[in-house]
Amino acid sequence: MSVRVRFAPSPTGGLHLGGVRTVLYNYLFAKHHGGEFVLRIEDTDQTRFVPGAEEYIFNCLKWCGLQPDESPAHGGPYGPYRQSERKEMYRQYAEKLVADGYAYYAFDTKEELEQMREENKTEENPSPQYDHRVRMKMRNSLTLTEPEVKALLDANAPHVIRIKMPQNDVVSFTDMIRGEVNFQTGLVDDKVLLKADGMPTYHLAVVVDDYLMKITHAFRGEEWLPSAPVHLLLWKYLGWDAYMPQWAHLPLILGPSGKLSKRDGAKYGFPVFAMNWTDPKTNELTEGFFERGFLPEAFVNLLAVLGWNDGTEKELYSMDELIASFDMKRVHSAGAKFDYEKAKWFNQEWIKRMPAEKLHVQVAGYFLSAGIAVDDIEKLDKVIELVKDRCTLLPDFVQQGGFFFKAPEILELDAVKPKWSDEKKLFFNEYVDVLKTVGTWEFTVIENVFKELATAKNIKPGELQLPMRIMLVGGKFGPAVFQIAEVIGKEETVKRVEYALSLL
């Protein structure tokens with residue numbers, strides 16, 4: 001069979017970087033093997049559905065360059081790709097499990113469930129589960145007579161369908177990352193498979209959908225490991241164990257204090273979501289890497305190596321290189337610690353790698369947001385090439401290059417005044433006059449005129465370059481000062497020098 005993998009998010013909020021890494025590993029594995037990547041929306045819990053969350057997920061994946069081959073938006077031969085639109089197909093499988101003795105109807109009310117938990121609570125077991133120890137004390141098809149069960153079903157009495165977990169079995173599977181994993185079934189509760197509203201829970205839906213969509217490999221976070229025995233048994237009980245996908249449970253991404261949670265972003269000042277997410281219920285904003293000024297290439301690269309390497313010291317990978325190198329066997333089983341400073345390093349390296357034409361649309365957007373109009377793309381490309389080595393995040397281009405398009409409003413003249421003199425003032429007055437006559441406006445010409453005049457005035461050129469920089473830039477930063485003069489042009493260079501001289 002050709003490789004088919006899936007990412008199955010719930011539309012309940014923003015996309016955490018751990019979720020994006022799960023998408024990435026699925027995507028890389030599929031593309032490495034010439035297979036398909038499927039996006040399936042698991043919206044069976046309608047109480048947690050958040051408007052706009054599904055569209056947000058698609059926007060994040062589009063920005064990252066991780067487009068699905070099949071999805072609710074892209075279509076495909078195994079649709080529909082929203083579980084809520086597949087609702088009618090799940091009951092038949094739940095009913096089959098009941099008929100075969102692997103599941104049962106449970107008619108317990110909310111009050112009866114609360115009473116069960118209260119009566120069975122002990123110090124050793126403060127949160128009793130609905131399992132083999134209590135199921136025979138409850139109101140279900142295992143304790144009621146067939147006529148009683150039929151009467152309740154005929155009367156449409158509210159009920160759920162629960163899996164009947166074996167009391168003393170051991171189930172196991174081989175994880176692609178962790179090797180053989182074993183579970184004692186008696187430690188797992190009788191999970192609900194079909195809810196009272198007819199919607200499946202994740203446990204039933206994920207197995208049915210993976211089977212019907214011919215998923216060959218299922219990669220998910222290690223937090224799903226405790227659910228694995230339920231899923232293993234469902235594959236077996238439904239007669240599909242020969243078609244069960246190979247599983248890999250990915251390690252956690254760790255923050256400064258354990259698992260990296262969305263709260264860590266606000267606490268430690270770095271983003272944890274791919275893109276900005278505003279909770280429509282609370283209006284709480286969680287910042288994203290996109291808005292912070294990360295390139296998608298850098299974001300994908302840093303996530304790829306957060307728990308995986310190809311066995312070399314290599315750190316920077318293009319998407320094509322990742323696809324060629326990716327091997328699930330080289331994913332680490334231990335959690336990987338997220339380092340925001342390292343994340344910024346990746347972004348800085350990718351900014352350096354990028355040709356200006358691939359950056360100018362985004363950079364122009366940041367300039368515009370800062371009130372700096374850019375109407376000359378050719379000039380912008382020159383500026384980007386001059387300053388990109390100095391930029392860590394995309395907004396840095398405003399500080400590092402905004403002066404090319406807008407004269408600085410504040411000049412750091414306090415850095416000039418202590419060593420300012422009449423000789424230097426005279427030098428710059430004469431230099432301005434010479435600049436007005438320069439025919440070929442190139443930085444080498446501008447620099448030669450500067451050095452020749454400095455020599456004639458018996459002043460070291462190095463003593464004059466800082467004042468020149470502050471006149472043009474406003475501060476002690478930026479690329480080579482004569483390259484700045486070339487890009488801003490003769491008229492603007494003369495204008496800025498004369499203005500600074502008037503202040504001095």
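Hydrogens, waters and symmetry mates play no part in the numbers below; they use all other heavy atoms, side chains included. For this chain, numbers begin at 1 and follow the sequence in order.
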Enquirer: Main chain of Ala485, side chain of Trp441: is a donor-acceptor contact present, judged purely on distance under 3.5 Å?
Expert: yes

Enquirer: Looking at Lys195 and Thr201, would you say the former's side chain and the latter's main chain have a donor-acceptor pair under 3.5 Å?
Expert: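 No, Lys195 side chain to Thr201 backbone: no donor-acceptor pair under 3.5 Å.
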
Enquirer: Determine the sole option in Arg40, Lys87, Lys214, Arg4 for which the salt bridge (charged side-chain N to carboxylate O under 4.0 Å, His left out) test with Asp209 is passed.
Expert: Arg40

Enquirer: Taking His332 for its side chain and Ala334 for its backbone only, find out whether a donor-acceptor pair lies under 3.5 Å.
Expert: no

Enquirer: Could you walk me through whether Val38 and Phe7 satisfy the side chain to side chain contact (heavy atoms under 4.5 Å, CB included) test, starting with their C-alpha distance in whole Å, then the side-chain angles of each, then the deciding distance to 0.1 Å, before giving a yes or no?
Expert: CA-CA 6 Å; Val38 179; Phe7 178 61; over 6 Å; no

Enquirer: With side chains defined as the heavy atoms from C-beta onward, is the minimum distance between Ile253 and Leu260 less than 4.5 Å?
Expert: yes

Enquirer: Which atoms form the tightest heavy-atom contact between Asp43 and Ser84, and what is the distance?
Expert: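 For Asp43 versus Ser84, the nearest heavy atoms are OD2-OG, 2.6 Å.
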
Enquirer: Heavy-atom distance under 4.5 Å between the side chains of Ile384 and Phe397, does that happen here?
Expert: yes

Enquirer: Are there more than 12 heavy atoms of other residues, nucleotides or ligands under 6.0 Å from atom CD of Glu284?
Expert: yes

Enquirer: Using the ring pair (Phe, Tyr, Trp, His ring centres under 6.0 Å) rule, take Trp235 and Phe173 through it: C-alpha gap first, then chi angles, then the decisive distance, then the call.
Expert: CA-CA 12 Å; Trp235 280 97; Phe173 76 97; over 10 Å; no

Enquirer: Checking Arg82 now: which residues fulfil salt bridge (charged side-chain N to carboxylate O under 4.0 Å, His left out) with it, not counting sequence neighbours?
Expert: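 Arg82 satisfies salt bridge (charged side-chain N to carboxylate O under 4.0 Å, His left out) with Glu54, Glu85 once adjacent residues are dropped.
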
Enquirer: Can we say Glu349 and Lys344 salt-bridge, meaning some charged N sits less than 4.0 Å from an Asp/Glu carboxylate O?
Expert: no

Enquirer: Below 30° counts as parallel, above 60° as perpendicular, anything between as tilted: where do the rings of His203 and His231 land?
Expert: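 Geometry flag for His231 against His203: tilted rings.
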
Enquirer: Under 3.5 Å, is there a donor on one side chain and an acceptor on the other for Asp320 and Ser318?
Expert: no

Enquirer: Would you find more than 12 non-hydrogen atoms of other residues, nucleotides or ligands less than 6.0 Å from Lys358 atom NZ?
Expert: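 Open: at most 12 neighbouring heavy atoms sit under 6.0 Å from NZ of Lys358.
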
Enquirer: Gln483 vs Leu386, test: side chain to side chain contact (heavy atoms under 4.5 Å, CB included). Steps then yes/no.
Expert: CA-CA 8 Å; Gln483 288 183 319; Leu386 279 175; 3.3 Å; yes

Enquirer: Looking at Glu223 and Arg220, is there a salt bridge between them, counting it only when a charged N and a carboxylate O are closer than 4.0 Å?
Expert: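 Result for this pair is no, no salt bridge flagged.
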
Enquirer: Tell me if a side-chain donor or acceptor on Lys476 pairs with a main-chain N or O of Ile470 at a distance below 3.5 Å.
Expert: no

Enquirer: Might you work through the side chain to side chain contact (heavy atoms under 4.5 Å, CB included) test for Met199 and Leu194, ending with a clear yes or no?
Expert: CA-CA 6 Å; Met199 274 288 194; Leu194 200 73; over 6 Å; no

Enquirer: Please determine which of Phe37, Phe326, Trp308 meets the ring-ring contact (aromatic ring centres under 6.0 Å, His included) test together with Tyr25.
Expert: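 Only match with Tyr25 under ring-ring contact (aromatic ring centres under 6.0 Å, His included): Phe326.
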
Enquirer: With a 4.0 Å cut-off on N to O distance, would you call Lys495 and Glu491 a salt bridge?
Expert: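 Salt bridge absent between Lys495 and Glu491.
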
Enquirer: Under 3.5 Å, is there a donor-acceptor pair between the side chain of Asn26 and the main chain of Val23?
Expert: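 Not confirmed, Asn26 side chain does not pair with Val23 backbone.
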
Enquirer: Mind checking what makes side chain to side chain donor-acceptor pair (under 3.5 Å) contact with Glu287, not counting sequence neighbours?
Expert: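 Glu287 satisfies side chain to side chain donor-acceptor pair (under 3.5 Å) with Arg292 only.
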
Enquirer: Is the side chain of Asp189 donor-acceptor paired with the backbone N or O of Asp131 at a distance under 3.5 Å, no angle test?
Expert: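 Not a single qualifying donor-acceptor pair exists.
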
Enquirer: What's the verdict on salt bridge (Lys or Arg N to Asp or Glu O under 4.0 Å) for Lys31 and Asp69, showing C-alpha distance, side-chain angles and the deciding distance?
Expert: CA-CA 11 Å; Lys31 298 309 167 188; Asp69 298 296; 2.8 Å; yes

Enquirer: If you measure from the Lys or Arg side-chain nitrogens to the Asp or Glu carboxylate oxygens, is any gap between Arg6 and Glu70 under 4.0 Å?
Expert: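 Here Arg6 does not pair with Glu70 in a salt bridge, since their nearest N and O are not under 4.0 Å apart.
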
Enquirer: Nearest 0.5 angstrom please: Leu17 CG to Phe338 CZ, how far?
Expert: 6.0 Å

Enquirer: Could you measure the distance from the CZ atom of Arg21 to the CG atom of Leu252? Nearest 0.5 Å is fine.
Expert: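 If we round to the nearest 0.5 Å, Arg21:CZ and Leu252:CG are 8.0 Å apart.
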
Enquirer: Locate the shortest heavy-atom distance separating Glu385 from Ala356; write the atom from each residue and the value.
Expert: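 Taking Glu385 first and Ala356 second, the nearest heavy atoms are OE2-N, 3.1 Å.
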
Enquirer: Are the side chain of Arg390 and the backbone N or O of Gln400 linked by a donor-acceptor pair below 3.5 Å?
Expert: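 Here the side-chain-to-backbone pair does not exist.
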
Enquirer: Could you tell me how the ring of Phe29 sits relative to the ring of Phe219: parallel (under 30°), tilted (30 to 60°) or perpendicular (over 60°)?
Expert: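 Judged by the thresholds at 30° and 60°, the geometry between Phe29 and Phe219 is perpendicular.
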
Enquirer: Step by step, would you call Ile488 with Phe405 a side chain to side chain contact (heavy atoms under 4.5 Å, CB included)?
Expert: CA-CA 7 Å; Ile488 66 175; Phe405 299 92; over 6 Å; no

Enquirer: Work out which heavy atom in Met244 is nearest to a heavy atom in Trp247; give both atom names and the distance.
Expert: SD-CZ2, 4.4 Å

Enquirer: Do you know which two heavy atoms are closest between Cys64 and Val20, and how far apart they sit?
Expert: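 Result for this residue pair: SG-CG1, 4.0 Å.
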
Enquirer: Hey, does the side chain of Asn276 reach the backbone of Gly288 with a donor-acceptor pair shorter than 3.5 angstrom?
Expert: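 Looks like yes, one N/O pair under 3.5 Å.
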
Enquirer: Could you grab the distance from atom CG of Leu232 to atom OG1 of Thr185, nearest 0.5 Å is fine?
Expert: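 Answer rounded to 0.5 Å: 11.0 Å.
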
Enquirer: When you look at NZ of Lys337, are more than 12 heavy atoms from neighbouring residues, nucleotides or ligands closer to it than 6.0 Å?
Expert: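 No - once you tally the heavy atoms of other residues, nucleotides and ligands closer than 6.0 Å, there are 12 at most.
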
Enquirer: Could you go step by step and tell me if Trp350 and Tyr317 meet the ring pair (Phe, Tyr, Trp, His ring centres under 6.0 Å) rule?
Expert: CA-CA 10 Å; Trp350 270 99; Tyr317 296 85; 9.8 Å; no

Enquirer: Let me see the working for Phe482 and Phe443 under ring pair (Phe, Tyr, Trp, His ring centres under 6.0 Å), right down to the final yes or no.
Expert: CA-CA 5 Å; Phe482 302 107; Phe443 79 89; 8.3 Å; no

Enquirer: Using a cut-off of 6.0 Å, state whether more than 12 heavy atoms not belonging to Gln67 lie near its atom CD.
Expert: yes

Enquirer: State whether the side chain of Asp389 and the backbone N or O of Lys352 hold a donor-acceptor pair below 3.5 Å, judged by distance alone.
Expert: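 Flag not set: sc Asp389 to bb Lys352 has no pair under 3.5 Å.
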
Enquirer: Search all heavy atoms of Ala205 against all heavy atoms of Tyr90 and return the closest pair with its distance.
Expert: CA-CE2, 3.7 Å

Enquirer: Looking at Phe289 versus Phe299, is the centre-to-centre ring distance below 6.0 Å?
Expert: yes

Enquirer: Do the ring planes of Phe58 and His74 sit parallel (below 30°), tilted (30 to 60°) or perpendicular (above 60°)?
Expert: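 The arrangement is tilted - the two ring planes meet at 30° to 60°.
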
Enquirer: Run the ring-centre check on Trp224 versus Tyr202 and record whether the distance is less than 6.0 Å.
Expert: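 Here the rings of Tyr202 and Trp224 have centres that are less than 6.0 Å from each other.
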
Enquirer: Before accepting this row, confirm whether a basic side-chain N of the pair Glu486/Lys382 lies closer than 4.0 Å to the acidic partner's carboxylate O.
Expert: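 Here Glu486 does not pair with Lys382 in a salt bridge, since their nearest N and O are not under 4.0 Å apart.
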
Enquirer: For the residue pair Phe270 and Tyr340, categorise the inter-ring angle as parallel (less than 30°), tilted (30 to 60°) or perpendicular (more than 60°).
Expert: parallel

Enquirer: With no hydrogens and no angle check, just 3.5 Å: does a side-chain donor-acceptor pair link His249 and Arg178?
Expert: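 Per modelled atom types, His249 and Arg178 side chains form no pair under 3.5 Å.
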
Enquirer: Around Tyr243, counting heavy atoms of other residues, nucleotides and ligands shown, do more than 12 lie under 6.0 Å from its OH?
Expert: no

Enquirer: Can you tell me if His217 uses its side chain to pair, donor with acceptor, with the backbone of Ala248 under 3.5 Å?
Expert: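 Not confirmed, His217 side chain does not pair with Ala248 backbone.
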
Enquirer: Taking atom NZ of Lys314 as the centre, report whether more than 12 heavy atoms of other residues, nucleotides or ligands fall under 6.0 Å from it.
Expert: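 More than 12 heavy atoms, drawn from other residues, nucleotides or ligands, come within 6.0 Å of this atom.
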
Enquirer: Would you find more than 12 non-hydrogen atoms of other residues, nucleotides or ligands less than 6.0 Å from Arg263 atom CZ?
Expert: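 Check fails, neighbour count at 12 or below.
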
Enquirer: Indicate yes or no: does Glu412 engage Arg469 in a salt bridge with an N to O separation below 4.0 Å.
Expert: no

Enquirer: How close do Asp210 and Pro245 get, heavy atom to heavy atom, and via which atoms?
Expert: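 Result for this residue pair: OD2-CG, 4.4 Å.
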
